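Here the structure is a predicted model, which is why all the values come from computation and not from measurement. Start at 1 and go down the list; that is how both ligands and their atoms are numbered.
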Amino acid sequence: MINKKSRDEIKRMRHAGHIVALVHQKMKEVVEPGISTKELDNIAMNIIKENRAIPTFLGYSGFPACICTSINQQVVHGIPSEDVILKEGDIIAIDVGATYGGLVGDSAWSYAVGNVSDDIKRLMKATEESLYAGIEKMCPGNVLDDISKAIESVAIRENMGIVRQYGGHGVGHEMHEDPFLFNYSVGDNTLIRPNIAIAIEPMFNLGGDDVFVEQDGWTVSTKDGKPSAHFEHTVIATDDGPLITTKLMN
Ligand code: MG
Ligand code: MG
């Protein structure tokens with residue numbers, strides 16, 4: 001069952017999304033060689049709390065932090081640690097969730113740490129492009145497969161691997177609601193109705209598609225050890241077009 005959001009719910013989702021965007025604005029500034037992923041988590045936690053929101057990830061299925069930090073071959077769900085220090089040339093995906101007034105904003109962004117290789121630049125550019133290609137299709141009257149196909153077509157054109165075991169999802173009162181959104185075409189003809197919300201989140205790899213869960217039970221990494229990128233926005237399909245909630249409000 002895909003829930004439509006009321007005007008009031010959309011308002012609170014935009015507020016939650018604004019707080020998530022404030023965290024990303026700060027992450028962009030502080031991601032640099034020498035900082036630990038635990039320090040990033042602390043900074044994110046402070047911003048979320050200062051804005052009277054709840055860190056959605058903390059305690060979610062037992063997750064121990066308020067952001068996910070996934071470096072290089074790590075795809076998603078990396079756990080912040082004081083022992084993990086960013087190095088020049090790394091790529092880090094930071095995933096942030098905030099709950100405000102009972103509604104969730106969920107957004108991930110990949111950041112270059114200092115100077116990165118041309119391959120990593122290409123990976124980041126393609127994954128971000130595919131996110132916006134998907135968002136463009138988040139319009140009433142389209143079907144979910146239109147979003148999936150738009151994402152997949154960028155991966156095919158750029159010869160990138162697509163992470164297949166994870167994908168986008170409905171979002172609202174819960175971080176994960178119906179529907180599941182594939183990042184490649186599976187022919188899902190579920191209609192996109194006005195005022196449904198989906199977190200669209202392509203994950204592309206420089207190598208093959210395959211991933212596995214590390215021994216910590218959380219971190220997902222590529223099987224071939226090649227770098228991965230992750231970009232995500234929470235988006236509402238409105239009659240005026242796609243509304244990204246996880247951006248700064250004016
Ligand atoms: Mg996320
Ligand atoms: Mg998500």
Does R52 make a cation-pi contact with Y100 (under 6.0 Å, within 45 degrees of the axis)?
no
Is it the case that more than 12 heavy atoms not belonging to [X] sit under 6.0 Å from its [atom1] atom?
X    : atom1 : value
N159 : CG    : no
R12  : CZ    : yes
E82  : CD    : no

Please list, in chain and residue-number order, the protein N/O/S atoms closer than 2.8 Å to the Mg ion (ligand 1).
D95 OD1, D95 OD2, D106 OD1, E232 OE1
Just by distance, do the side chain of D224 and the backbone of K226 share a donor-acceptor pair under 3.5 Å?
yes
Flag H169 as yes if one of its N/O/S atoms falls below 2.8 Å of the Mg ion (ligand 2), otherwise no.
yes
Kindly say whether the aromatic ring centers of H230 and F204 come within a distance under 6.0 Å.
no
